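Because the structure is predicted, anything quoted here is derived from the model rather than measured. The analysis underlying the following values was restricted to heavy atoms, covering all of them including side chains, and did not include hydrogens, waters or symmetry mates.
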Amino acid sequence: MTVIKWRTSKNGSARSDEHPSARRSADTSRRRRTRTGRGGAPLLALLVGALLAGCVGCSTAGSGGPGDSGGSGRDEVRQPPVDAAFDYQLGGPYAPPSKVRAVSRDRTADPAPGRYNICYVNAFQAQPGKAAARWWQREHSTLLLRDEEGHEVVDEDWQEPLLDISTEKKRAALAEIVGKWIDGCAEAGFDAVEPDNLDSYERSDGLLTTGDAAAFARLLARRAHSEGLAIAQKNTTDLLDHRERIGFDFAVTEECARYKECPDFVSAYDGKVFDIEYVTKDFDTACQTWGKELSVTLRDRDVRPAGEDGYVYRHC
């Protein structure tokens, strides 16, 4: 029987994840990604199919093989609109406000017709909950990160075991698993993919490095580009200098105004940045300072669907 040793991250940082609807509660004390009760199915659920005809301008799969800077096919992917109104719908899909041109939804949801659709994938950690942990323990136990005593290293904030991206062999094995999810995003008609927990090394007790994260992200970028999908860098300024080598096309950030990171992302991605703020004063600051250079959205920390109590949505 596997013993799981739950531990907190070294620096107390937080992040987002692949979700199940309202599976999480917000913790406002966290460094970042302090929100999401995400909608969607557990890890064992089958991907929800979607009709390509339901999404105007969706990407088509590419056929190129791996290559430098995220693999061949990068030039053919559909890039996101710059400074477009954006909606972050990880808590469950709903009809976007009329002015919204880009939407991020969980990989188990259908794309939003007529919008630029970003597919959320929890790529560097397991999903929250015991069922997901048991699935990894049963199917891919050797791909979970473990400490010297053999205990799983877990992000206690979300109760998600970290995936072991510390070696080339394990990264390749994980890329096949996550790659199938990315394939599913393309088949469903999404335009781009948003792999979350790029900064899992911050919660690894020193067992993972930025180099590990960059190497694994590059494999995911190759897979995305080969399927005709653009790929987003999710948070962490640590890897901005590696964005070209990895193959990132744009960025999805959380609270870049709160943590004074907006200038770094704007400079790196020439305005192709979707920022989500969760505090009104941070949103106001972002709009006043950066509203003309990136897309800024205010959401409630649980990213609830429209119509639910506590739902918040604003755009500059």
- Item | Main-chain N/O of Leu90 paired with Asp106 side-chain donor or acceptor, under 3.5 Å | no
message = Any non-hydrogen side-chain atom of Glu76 less than 4.5 Å from a side-chain atom of His225?
response = no
Checklist entry - Would a 4.5 Å heavy-atom cut-off, applied to side chains only, mark Ile231 and Phe250 as touching? => result no
With sequence neighbours left out, the residues meeting side chain to side chain donor-acceptor pair (under 3.5 Å) with Thr209 are Asp212
With a 3.5 Å distance limit and no angle check, can you tell me whether Asp205 reaches the backbone of Leu207 through a side-chain donor-acceptor pair? no
CG (Asp249) and CG (Leu229) are apart, to the nearest 0.5 Å, by 10.0 Å
Would Gln79 and Tyr116 count as having a side-chain donor-acceptor pair, cut-off 3.5 Å?
no
inquiry  = Could you check whether any side-chain heavy atom of Val121 comes within less than 4.5 Å of a side-chain heavy atom of Asp196, counting everything from C-beta outward?
reply    = no
Open item on the list: What verdict does the side chain to side chain donor-acceptor pair (under 3.5 Å) test give for Gln127 and Asn122, after you've listed the backbone C-alpha separation in whole Å, the side-chain angles of each residue and the deciding distance to 0.1 Å?
Closed with: CA-CA 7 Å; Gln127 286 184 311; Asn122 188 6; over 6 Å; no
The reported gap from CG in Asn197 to CH2 in Trp158 (rounded to nearest 0.5 angstrom) is 10.0 Å
Residues at least two apart in sequence or cross-chain that pass side-chain contact (heavy atoms from CB on, under 4.5 Å) with Ala215, listed by chain then number, are Arg171
For Asp164, the side chain to side chain donor-acceptor pair (under 3.5 Å) test, sequence neighbours excluded, returns Ser166, Lys170
Any donor and acceptor pair, going by atom type alone, linking the side chain of Arg299 with main-chain N or O of Tyr88 inside 3.5 Å?
yes
Next item on the list: State whether a side-chain donor-acceptor pair under 3.5 Å links Glu254 with Tyr259.
Entry: no
Main-chain N/O of Leu240 paired with Arg243 side-chain donor or acceptor, under 3.5 Å: yes
The side chain to side chain donor-acceptor pair (under 3.5 Å) partners of Glu277 (sequence neighbours excluded) come to none
In this structure, CZ of Arg203 is separated from CG of Asp157 (nearest 0.5 Å) by 8.0 Å
CD (Glu261) and CG (Asp275) are apart, to the nearest 0.5 Å, by 9.5 Å
Between Phe274 and Val279, is there a shared hydrophobic cluster once you connect ILVMFWY residues whose side-chain heavy atoms come closer than 4.5 Å?
no
Do Asp302 side-chain atoms and Arg304 backbone N/O form a donor-acceptor pair below 3.5 Å?
no
On a heavy-atom basis, the closest approach of Ala123 and Pro195 is CB-CB, 3.8 Å
inquiry  = Counting C-beta onward and ignoring hydrogens, is there a side-chain heavy-atom pair between Val193 and Ile118 closer than 4.5 Å?
reply    = no
When rounded to the nearest 0.5 Å, the distance separating CG of Leu208 from CG of Asp199 is 11.0 Å
With sequence neighbours left out, the residues meeting side chain to side chain donor-acceptor pair (under 3.5 Å) with Asp241 are none
In terms of heavy-atom contacts, Gly150 and Arg146 come closest through O-NH1, 3.2 Å
Inset, instruction - Check the pair Glu194 / Ser104 against side chain to side chain donor-acceptor pair (under 3.5 Å), numbers first and verdict last. - result: CA-CA 8 Å; Glu194 171 195 345; Ser104 182; 2.6 Å; yes
Tightest non-hydrogen contact, residues Ala213 and Leu239, listed as CB-CD1, 4.1 Å
Exercise. Walk me through it: do Gln137 and Glu152 pass the test side-chain contact (heavy atoms from CB on, under 4.5 Å)?
Key: CA-CA 10 Å; Gln137 291 161 3; Glu152 293 170 13; 3.1 Å; yes
Residues Pro111 and Gly189: closest non-hydrogen pair is CG-C, 3.9 Å
| task | For the pair Asp191 (side chain) and Ala230 (backbone), establish whether a donor and an acceptor sit closer than 3.5 Å, ignoring hydrogens and angles. | result | no
Handout entry: Pairwise side-chain contact, Phe216 with Leu163, heavy-atom cut-off 4.5 Å (strictly under)
Key = no
Residues at least two apart in sequence or cross-chain that pass side-chain contact (heavy atoms from CB on, under 4.5 Å) with Arg314, listed by chain then number, are Thr280, Phe283, Asp284, Leu298
Here the pair of heavy atoms bringing Asp87 nearest to Pro97 is OD2-CD, 3.6 Å
Flag if over 12 foreign heavy atoms under 6.0 Å of CG, Asp270: no
In terms of heavy-atom contacts, Ser200 and Phe124 come closest through OG-CB, 3.8 Å
- request: Using a strict cut-off of less than 4.0 Å between a Lys/Arg side-chain nitrogen and an Asp/Glu carboxylate oxygen, indicate whether Arg223 and Glu176 qualify as a salt bridge.
  value: yes
Contacts satisfying disulfide (SG to SG under 2.5 Å) that involve residues 104-152 (not counting sequence neighbours) are Cys119-Cys185
Exercise. Below 4.5 Å, heavy atoms only, C-beta onward: do Ile276 and Val252 meet side chain to side chain?
Worked result: yes
Ser267 meets the side-chain contact (heavy atoms from CB on, under 4.5 Å) criterion, sequence neighbours left out, with none
Applying side-chain contact (heavy atoms from CB on, under 4.5 Å) to Val82 and not counting sequence neighbours gives Lys272
Is there a side chain to side chain donor-acceptor pair (under 3.5 Å) between Thr253 and Tyr269 once you walk through the steps?
CA-CA 12 Å; Thr253 66; Tyr269 287 103; over 6 Å; no
Quick note, disulfide (SG to SG under 2.5 Å) partners involving residues 284-316, not counting sequence neighbours, are Cys287-Cys316
_If you define the side chain from C-beta out and look only at heavy atoms, does anything of Leu198 sit under 4.5 Å from Gln233?_
yes
Check: Looking at side-chain heavy atoms only, is the closest gap between Val154 and Leu145 below 4.5 Å?
Finding: no
Exam field: side chain Arg105 to backbone Asn117, donor-acceptor pair closer than 3.5 Å: no
In this structure, OG1 of Thr142 is separated from NE2 of His140 (nearest 0.5 Å) by 8.5 Å
Between Asp282 and Ala257, is there a donor-acceptor pair closer than 3.5 Å when you use the side chain of the first and the backbone of the second? no
Students should find that the hydrophobic cluster of Tyr311, defined by side-chain heavy atoms under 4.5 Å apart, otherwise consists of Tyr94, Val100, Val103, Tyr313
Check: residues 288-297 side-chain donor-acceptor pairs under 3.5 Å, at least two apart:
unit_1	atom_1	unit_2	atom_2	d
Thr289	OG1	Thr285	O	3.0
Ser295	OG	Ala84	O	2.5
Ser295	OG	His315	NE2	3.1
Thr297	OG1	Phe86	O	2.9

